[in-house]
Amino acid sequence: MAQVGLHRLASSVRTTIASASSRCCLQSASAIRLNTCSDSISHPLGRPSNTLINAGHCTGVRSFHGSSQKWTAIYRSDLQNARRIVVKLGSAVITREDECGLALGRLASIVEQVSELQNQGRQMIMVTSGAVAFGKQKLHQEIVMSMSMRQTLASRELKGKPFLEPRACAAAGQSGLMSLYEAMFAQYGLKTAQVLVTKPDFQNEFTRENLKSTLHELIKFNIIPIVNANDAVAPPPEADKDLQGIISVKDNDSLAARLSVEVGADLLILMSDVNGLYNSPPDMEGSRLLRTYSPSVDAAGVVFGQKSRVGLGGMESKVDAATWTLNKGTSVVICNGTESKAILNIVQGKNIGTFFTQSKSINTPVEVEAANAREGCRALQALSSEQRAEIIRRLADLLIEKQQDILNANQRDVAIALTEGISGPLLARLRLTESKLKTLREGLIQIANNSYQNVGRILKASQMAEGMELRQITVPIGVLLVIFESRPDALPQVAALAISSANGLLLKGGKEAHHSNKILYDLVQEALGLHAPKTSISLVGRREDIEDLLALHDYIDLVIPRGSTQLVNKIQSLSKGIPVLGHSEGICHVYLDEKINREMAVRIVLDAKCDYPAACNALETILIHKSHLRSGLFDEICDTLKDHKVKIYSGPRLASSLKFGPPAARSLSIEYGDLELTMEIVDDVDEAIAHINKYGSSHTDAIVSDNVKAAERFLKMVDSACIFHNASTRFADGYRFGLGAEVGISTARIHARGPVGVEGLLTTKWILHGSGQTVKDFSDGHLKYIHKNLMTEPKLIENTLPQVTYQSHEASSDDEVTVKQKN
Ligand SMILES: Nc1ncnc2c1ncn2[C@@H]1O[C@H](COP(=O)(O)OP(=O)(O)O)[C@@H](O)[C@H]1O
Ligand SMILES: N[C@@H](CCC(=O)OP(=O)(O)O)C(=O)O
């Protein structure tokens with residue numbers, strides 16, 4: 001297999017390509033000649049190959065094909081453009097942890113990913129370790145088989161394994177390794193070639209050129225070179241030395257590095273058995289994975305430990321090799337080869353492993369920002385409530401002082417959005433106005449004024465026993481991640497709520513509001529500077545993928561998404577172990593009951609639909625009592641809505657009742673978010689309740705009715721976060737509820753429901769003051785539990801609230817009443 005003549009290889013590749021006509025390998029076959037950045041022929045990945053050069057990432061020189069320019073990725077997202085990729089598999093990836101042979105499942109997955117990328121038109125090269133480790137296992141089995149029973153038992157007693165010559169092990173392991181690769185790649189219609197090299201092959205110009213030319217030919221014919229050190233003949237290891245800036249090939253990390261540079265690879269992926277480079281050995285307490293590593297900035301902060309059980313080079317050797325490769329213009333990622341889809345995810349620009357970059361200005365890693373936010377939470381807790389309120393008031397004032405700068409920044413976002421064709425509700429959310437800023441300021445002042453009772457409030461106090469007092473007090477949740485789209489006004493609101501509740505905060509805004517978010521965040525920083533660390537709140541950089549943030553369960557305590565249904569759904573499904581507070585949809589209903597004040601009904605419907613159709617609490621479905629089809633109310637509502645340019649769709653029952661009614665709705669569960677709504681007929685309040693509970697989203701639903709019993713039934717039986725009687729659904733809002741602002745509206749069933757203000761961002765802790773008691777004192781009977789409530793203020797319960805009585809418009813029954821408050 002290894003030394004197949006090139007003409008034979010070429011013909012077999014042609015056969016493979018021809019037989020796989022429907023696959024992308026055809027694409028790659030046509031692409032194999034297009035190896036240089038300067039090629040004028042189109043890029044095999046569907047882009048002109050000089051896109052990268054235009055993006056300004058040209059560093060280093062690609063020597064392999066004589067092209068004069070080469071790019072290096074600055075951001076992970078640039079890695080999507082990598083064409084020639086070297087994947088190096090360490091021994092720990094290739095062999096099983098129990099040392100019983102090769103890790104076949106893992107290898108198959110890596111082969112599948114490499115094949116996928118090769119079939120996309122990329123040029124993959126593999127550097128594989130594992131021959132020694134695999135051969136060792138193979139030889140060891142042979143030795144055990146040839147031992148007598150006595151020898152076997154004796155060797156067990158000695159507990160040691162016989163010394164096996166690594167060169168012999170490599171020779172025994174390499175053939176098995178290669179036949180496996182060949183069989184696996186064949187499943188994807190791909191051919192492989194074995195290339196074994198030794199250190200002198202790089203030192204001798206003649207063999208070095210031969211090596212390059214062989215690799216070139218293999219790549220040209222769509223064959224995946226599989227490279228390893230020729231350990232069977234390798235010279236004994238030498239003291240480590242990098243000659244004249246050329247890396248000494250002493251293990252497969254340095255081999256992969258050297259090879260990547262020789263062939264002008266765009267990306268080198270070094271796969272090991274750990275998730276990447278840590279600031280100290282991964283098993284050490286407090287060690288942290290470095291998502292990005294800029295050698296000139298980060299090198300001093302890394303401590304190395306032992307290598308893996310089977311590895312040769314260790315992590316330090318990987319980092320040296322990676323740094324050298326990066327300096328020569330090839331991007332590098334060190335990752336965990338046991339992680340599923342690691343290679344594909346890296347090439348998609350996802351936050352996998354450690355990304356080596358020359359950029360010194362790369363943002364602070366999000367883990368560090370989250371750790372700072374936790375510190376910030378503690379610092380905010382340590383402040384007095386007056387100090388927290390002062391920060392919020394300062395922020396409120398800055399919104400007006402810097403109004404013009406904010407509006408200018410926002411106009412830049414709006415202008416970009418317009419060129420990108422963003423319109424309607426999305427644009428409405430994005431646009432900031434003087435009046436929005438004014439309302440925002442008022443909300444912030446309200447939050448500041450309500451800040452005094454938030455943190456450390458005693459909810460329960462009881463005397464547990466003689467000399468023992470128990471208290472339950474409010475405390476912040478910890479670190480919040482708020483992900484919001486389009487709405488830059490959410491940023492100061494959420495920041496104020498976090499400060500008021502003393503939570504640390506990570507904000508992830510949408511790129512469409514980049515300029516607005518930036519200036520609003522700077523104002524938050526300025527205000528925080530009054531009393532708290534500025535790092536208590538971070539605006540997470542645009543590099544960070546939401547998916548990666550949602551995996552940070554060790555750092556983040558609660559995720560609050562604010563944005564489109566798609567965003568919230570995505571977050572709910574992607575969150576890995578972090579609770580998500582929010583609502584995915586706002587399918588809000590207004591039910592128009594039989595006995596009704598018609599003028600009120602029209603006003604409420606109009607407000608609920610037209611005040612701000614993009615809001616999640618806007619009306620989406622009107623349920624109308626069957627009697628109104630002939631009472632004139634149906635026509636009146638339709639006419640008024642049409643006057644306000646609202647498109648009406650009918651539910652199935654309405655459609656079948658009218659010959660020329662509105663067009664049929666696609667579904668009864670639609671959130672239009674625009675000047676559109678569905679109308680449907682129901683028989684009575686019970687049918688309305690059943691409809692809402694079936695098709696609604698548990699957000700906000702309202703009844704307009706003069707019938708007190710019907711209203712009470714509705715309020716009791718509709719299973720939503722907010723249920724209103726004779727009021728518009730648009731009241732479901734933190735500001736209107738007097739919470740100052742909201743971080744979102746929750747349709748979750750635990751902890752916080754409806755508009756979530758400060759209360760939803762708090763949890764509790766129990767404080768016990770004792771005087772030396774033990775549990776045994778109680779089981780012995782020396783002491784007795786008292787559990788006496790020490791709270792003096794009586795707790796309000798529902799039936800102690802002021803009674804609301806109703807007066808009928810039509811005064812035809814006791815049940816039919818208008819709202820009137822009586823104390
Ligand atoms: N700072 C560090 N960051 C990451 N890994 C480290 C560090 N220090 C030591 N290591 C160890 O390096 C090992 C990887 O290197 P190595 O044994 O050469 O593996 P491979 O066989 O994959 O080349 C890991 O198992 C890890 O425990
Ligand atoms: N060439 C050797 C591997 C050498 C090596 O550098 O190993 P590793 O540190 O596991 O990448 C082999 O095939 O076993």
Side-chain angles (χ1 to χ4, degrees), residues 57 59-60 72-76 78-79 88 90 239-254 256-258 260-261 267-308 311-336 346 351-376 533-535 538 540-541 543-544 548 552 554-555:
H57 302 320
T59 57
T72 310
I74 298 293
Y75 297 108
R76 278 184 184 268
D78 300 334
L79 296 179
K88 184 260 165 174
D240 187 16
K241 55 176 188 256
D242 287 358
L243 299 168
Q244 294 149 9
I246 296 174
I247 196 164
S248 145
V249 176
K250 58 186 183 329
D251 56 28
N252 274 4
D253 296 316
S254 46
R258 184 71 191 260
S260 300
V261 173
L267 171 62
L268 165 63
I269 300 177
L270 293 172
M271 304 191 100
S272 185
D273 62 342
V274 283
N275 290 341
L277 173 63
Y278 288 70
N279 62 350
S280 53
D283 48 3
M284 197 180 259
E285 179 73 31
S287 103
R288 177 171 58 80
L289 176 66
L290 305 177
R291 288 293 181 191
T292 52
Y293 178 87
S294 179
S296 58
V297 179
D298 300 318
V302 175
V303 177
F304 296 99
Q306 297 285 311
K307 63 185 183 61
S308 70
L312 180 69
M315 188 49 74
E316 194 164 4
S317 149
K318 262 181 247 305
V319 172
D320 288 347
T323 305
W324 183 81
T325 313
L326 183 74
N327 290 338
K328 297 283 174 194
T330 296
S331 303
V332 187
V333 175
I334 297 181
C335 71
N336 193 335
I346 288 168
N351 213 5
I352 306 289
T354 304
F355 170 57
F356 281 62
T357 172
Q358 297 281 18
S359 170
K360 293 172 192 152
S361 61
I362 216 104
N363 298 351
T364 314
V366 69
E367 293 89 340
V368 174
E369 290 176 325
N372 289 340
R374 186 152 322 272
E375 284 303 313
K534 291 187 176 182
T535 48
S538 283
V540 176
R543 292 176 306 114
E544 304 300 343
D548 299 321
L552 295 175
D554 288 345
Y555 297 90

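Because only heavy atoms are used, hydrogens play no part in the values below, and waters and symmetry mates are left out as well, while side chains stay in.
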Any donor-acceptor pair under 3.5 Å from Asn372 side chain to Glu375 backbone: no

Main-chain N/O of Leu290 paired with Thr354 side-chain donor or acceptor, under 3.5 Å: yes

Residue pairs, two or more places apart or on separate chains, that pass salt bridge (charged side-chain N to carboxylate O under 4.0 Å, His left out) and touch residues 280-300: Arg291-Glu367

If you compare all heavy atoms of [X] against all heavy atoms of [Y], which two are closest, and at what distance to 0.1 Å?
X	Y	value
Arg374	Tyr555	NH2-O, 2.9 Å
Cys335	Ile352	CB-CG2, 4.2 Å
Asp253	Ser317	OD2-OG, 3.5 Å
Ser280	Ser287	OG-CB, 2.9 Å
Met315	Val274	CE-CG2, 3.6 Å
Asn336	Ser272	OD1-O, 3.3 Å

Calculate, to the nearest 0.5 Å, the distance between atoms [atom1] and [atom2] belonging to [X] and [Y] respectively.
X	Y	atom1	atom2	value
Asn275	Ile334	CG	CD1	12.0 Å
Asp78	Leu267	CG	CG	11.5 Å
Ser260	Ile269	OG	CD1	10.0 Å
Leu268	Trp324	CG	CH2	10.5 Å

Residues that Thr323 engages under side-chain contact (heavy atoms from CB on, under 4.5 Å), provided they are two or more places apart: Tyr293, Pro295, Val319, Asn327, Phe356

